[in-house]
Number of protein chains: 2
Amino acid sequence: MEYNHKQLAILDAAEQLFASQGFHGTSVRDIAHAADVNIAMISYYFGSKEKLIEAIFLKRIVGWKSVLETVLTDESLTFETRFDKLVETYVGRIFNNPCFNLMMMRAQIQADLGVNDLIHQNKLEVYGIISAFIKSGQEKGVFNEGIDILMMVNTLVGTTNHIMSTRHHFARISGLEHLTDDQLQQHLITHISNHLKNLLKAILIHEA
Amino acid sequence: MEYNHKQLAILDAAEQLFASQGFHGTSVRDIAHAADVNIAMISYYFGSKEKLIEAIFLKRIVGWKSVLETVLTDESLTFETRFDKLVETYVGRIFNNPCFNLMMMRAQIQADLGVNDLIHQNKLEVYGIISAFIKSGQEKGVFNEGIDILMMVNTLVGTTNHIMSTRHHFARISGLEHLTDDQLQQHLITHISNHLKNLLKAILIHEA
DNA sequence: AAAAAATTTAAACGATCGTTTGATTAAATT
DNA sequence: AATTTAATCAAACGATCGTTTAAATTTTTT
């Protein structure tokens, strides 16, 4: 899909509004106003509000799989280093696309929004790639046996998404209210990555 | 607050619908139909749709703090046992009130729904209680020093909430589609609790 | 330059939204 | 038993929803 300037303005505005107010809480008039286009242009380009959110997901859910695969199959790096990069890459990705990931969290709660099959398909592929990586590390004797890989992945995803979606609560609790949004983002990427690397490697690598 | 039979029917129906379709995705007509009451009764009893969701939060966010405090200050139990009970209690609570917790996840994403101050206040209190417990265990030499308690709590909350909100994805990925909802719930409570206990105790108790 | 196609617009469409009205019935109080 | 209060209902309120229309404008093609 190649979108022109106006279509991209609509997609960006919609993503931000859907993230902060939800699909039903956002009107096409809100989107049109934020994107500075006429209301009718949304139907004209995307057909409907439903198809607009599907277009956002389709635009966003590409690429991620290959990035992950590149990181995890780089045999010039040790398994531990690759695992570290997995965590850093995932956490960075979530915090660098907060709006889209809030949209995805909402969509997963909803379970009827049509895009859910797309999300499930993507989750399956990502889980397959990580799972293959861990198992190959186990065969080499680097990672411990008896790891519940699915639970581990859900801890990575769940912890990161939770802190991202409640980052302002988090900032208030840990006295980081004075930071700008960018500073807070960098701080969280670093600290969440370190926390998850320590936590997960404690069961992956250290003695069981 | 003491609610009569009809008011409770409205509160229950609204909680379920808000959880699955969101606040804006649920109409007062939907709620009235599900609760088997006339539409006007919602305004009559609660004033407005906004005040209805606030009533749900107020009704739900009580009691949790004292349950937690009882578990964590029971000095007849070891610190490790109390920590185990903390995890079990939290995970059980999330999975036994899925609708309300989905509502809360949505509300935290939203950040403008008025109930957010209530949620933040509650989070602060819960964090304070857990934090005090961990620190007292550190003083006794049971728990390791240098623990990021806030990150740990966010892993507990984030992992549990994430799996709960995507439990049907989870069931499909791990081949548990044949289970009934109750069976799946029991399976998840057990497995998530064990996973989190192992994971968190690996950094809390084992050599650093 | 003429014709065709694509874009943009204000206005309007019917549907549904949350809420209120005013009449009617049931319950509680005097 | 009379009166007041509370509960219930169908109907209607104005507002906003997503979408469409038809005309005007711009761009592209011939």
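Just so it is clear, the values below take in all heavy atoms, side chains as well, and ignore hydrogens, waters and symmetry mates. Letters A, B, ... are given to chains in the order of the sequence lines, protein chains preceding strands, and every chain is numbered from 1.
DNA chain C is contacted by K6(A) of residues 3-19 of chain A, taking any non-hydrogen atom closer than 4.0 Å.
Side-chain contact check for H195(A) versus N154(B): every heavy-atom pair is 4.5 Å or farther apart.
Rounded to whole Å, atom P of dA10(D) lies 13 Å from atom NE2 of H33(B). Rounded to an integer number of Å, the gap from CG of D36(A) to C1' of dT8(C) is 13 Å.
A ring-centre distance under 6.0 Å is not found for F57(A) and F18(A).
Ion pairing between a basic and an acidic side chain is recognised when a charged N comes within 4.0 Å of a carboxylate O; E88(B) and K197(B) show such pairing. By the 4.0 Å N-to-carboxylate-O rule, D84(B) lies close enough to K201(B) to be salt-bridged with it.
Note: Y90(A) and W64(A) have tilted aromatic rings, judged against thresholds of 30 and 60 degrees for the angle between ring planes. Between Y3(A) and F46(A), the ring planes are tilted. Angles from 30° to 60° get that label.
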Practice problem: Let me have a per-nucleotide readout for nucleotides 11-26 of chain D, 5' to 3', with B, S or -, counting only protein heavy atoms under 4.0 Å. | Solution: -B----BBBBB-----
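Taking the ring centre of F170(B) as origin, the terminal cationic atom of R167(B) falls outside the region bounded by 6.0 Å and 45° from the ring axis.
Taking the side chain to side chain contact (heavy atoms under 4.5 Å, CB included) definition, one finds that T180(A) meets it with D182(A), Q183(A), sequence neighbours left out.
Y45(A) comes within 4.0 angstrom of the backbone, heavy atoms only, and of no base.
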